[in-house]
Amino acid sequence: MVKGRQGERVRLYVRGTVLGYKRSKSNQYPNTSLIQIEGLNTKDDVAWYCGKRMAYIYKAKVKKNGTHYRCIWGKVIRPHGNSGVVRAKFKSNLPPKSMGAKVRVFMYPSNI
Amino acid sequence: MAPKNSKVSRNPNLIPGIGKYSRSQMYHKKGLWAIKAKNGGQFPHHEKKAKPETTSEKPPNFYPADDVKKPLVNKRKPKPTKLRTSITPGTVLIILTGRFKGKRVVFLKQLPSGLLLITGPFKINGVPLRRVNQSYVIATSTKVDISGVDVNKLDDKYFGKKAEKKKKKGEGEFFEAEKEDKNVLPQEKKDDQKLVDASLIQSIEAVPDLKAYLAARFSLKSGMKPHELVF
């Protein structure tokens, strides 16, 4: 987290919410999380986001690498259902406390 | 006689390993009878060239216990990454990541390593001559006229890390060497930057608002959906 000198904040990511893990009625599979990306409402919209990297950022008490903020990286794999929800896999599975938390969906690797 | 360009076999394969013609038929087809007749009944025979005498080698002292397989020679040369059709010299790109994220920048050329060479220009938005990866960049449809810019001397080596000089051992000198290791940008690089930017800035100022556009950063605002945006 490098703070710019002027502190100009540019948002180059789309906000997303963690909905939970991929699951059936009574079993869940924590290796894949479901993410609701802001502004996505249909399965066709998701095609642009497939493969884009995302980061789940959280705070911890102990400073690591000089900062209290920590991050789990992941990427959008495929759409989930017809209404714009997305499946995502992270480097290590998201912790259960992330349900309902924000995730940043970046615009890279870019293909435009 | 004109030399034949492609070597096609006179004996087509019926099945791999089985030719259509027999040995005697091939003898006739290849014209060996005519070559023999030209040479007076014998097939022409050339003496082997005498090999230059090599000094005799000593038998090695050491033989490895097991036979080690040598890996096959790999002569493959990787090509630079395929450049997206939307990226042409002079395109304005938006950098997505790194300390210059959000900056709009002018694309100059693709380097042999596959990375893109970009410049701010430095006076306009503080981005120097730099390399950037294609995947971390969005190409806009805005183009800048780049004809006046000479980028031939800029290469991957120009941007590579300088090889560090070996540090002398010795306590007094050791402390001095640490202090001297400052990263000062050599004047030569500053001059290169000015050279490249000079003609660029002129073509940018010719277009209304382009200078302000390049100075401003890109940011996603509320309600902006990247998959619907046209860059």
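Lettering of chains follows the sequences in order, A, B, ..., and the numbering in each one begins at 1. Keep in mind that what you see is a predicted model, and the values were worked out from it rather than measured.
- The environment of B:Asp209 atom CG is sparse: at most 12 non-hydrogen atoms of other residues, nucleotides or ligands sit within 6.0 angstrom.
- Around OH of A:Tyr108, the count of heavy atoms belonging to other residues, nucleotides or ligands within 6.0 Å exceeds 12.
- Applying the 6.0 Å contact sphere to CZ of A:Arg78 captures no more than 12 heavy atoms from other residues, nucleotides or ligands.
- Around atom CG of A:Asn65, no more than 12 heavy atoms belonging to other residues, nucleotides or ligands sit under 6.0 Å away.
- Between B:Phe218 and A:Leu12 the shortest side-chain heavy-atom distance falls below 4.5 Å.
- With a 4.5 Å cut-off on non-hydrogen atoms, A:Tyr49 touches chain B through its side chain but not through its backbone.
- Interface residue B:Ile95: only backbone heavy atoms are found under 4.5 Å from chain A.
- When all heavy atoms of B:His227 and A:Leu40 are compared, the pair lying nearest together is CE1-CD2, 3.1 Å.
- Contact between B:Lys221 and A:Arg11 at its shortest, heavy atoms only, is O-NH2, 3.2 Å.
- Atoms CG and CE, from B:Leu229 and A:Met107 in turn, are 8.0 Å apart once rounded to the nearest 0.5 Å.
- With a 6.0 Å radius and a threshold of 12 heavy atoms from other residues, nucleotides or ligands, B:Lys194 has its NZ atom at or below the threshold.
- In terms of non-hydrogen atom pairs under 4.5 Å with chain A, the most contact-rich of B:Gly223, B:Ala139, B:Pro226 is B:Pro226.
- By the neighbour-count criterion of 12 heavy atoms within 6.0 Å, atom NZ of B:Lys143 is densely surrounded, having more than that number from other residues, nucleotides or ligands.
- Rounded to the nearest 0.5 angstrom, B:Arg217 CZ and A:Arg9 CZ are separated by 11.0 Å.
- Between B:Lys225 and A:Gly39, the shortest heavy-atom distance links the atoms CD-O, 3.5 Å.
- With A:Ile112 as reference, B:Ile138 is the one residue of B:Val230, B:Ile138, B:Ile94, B:Val137 to meet the side-chain contact (heavy atoms from CB on, under 4.5 Å) rule.
- In the displayed structure, B:Lys211 atom NZ is contacted under 6.0 Å by at most 12 heavy atoms of other residues, nucleotides or ligands.
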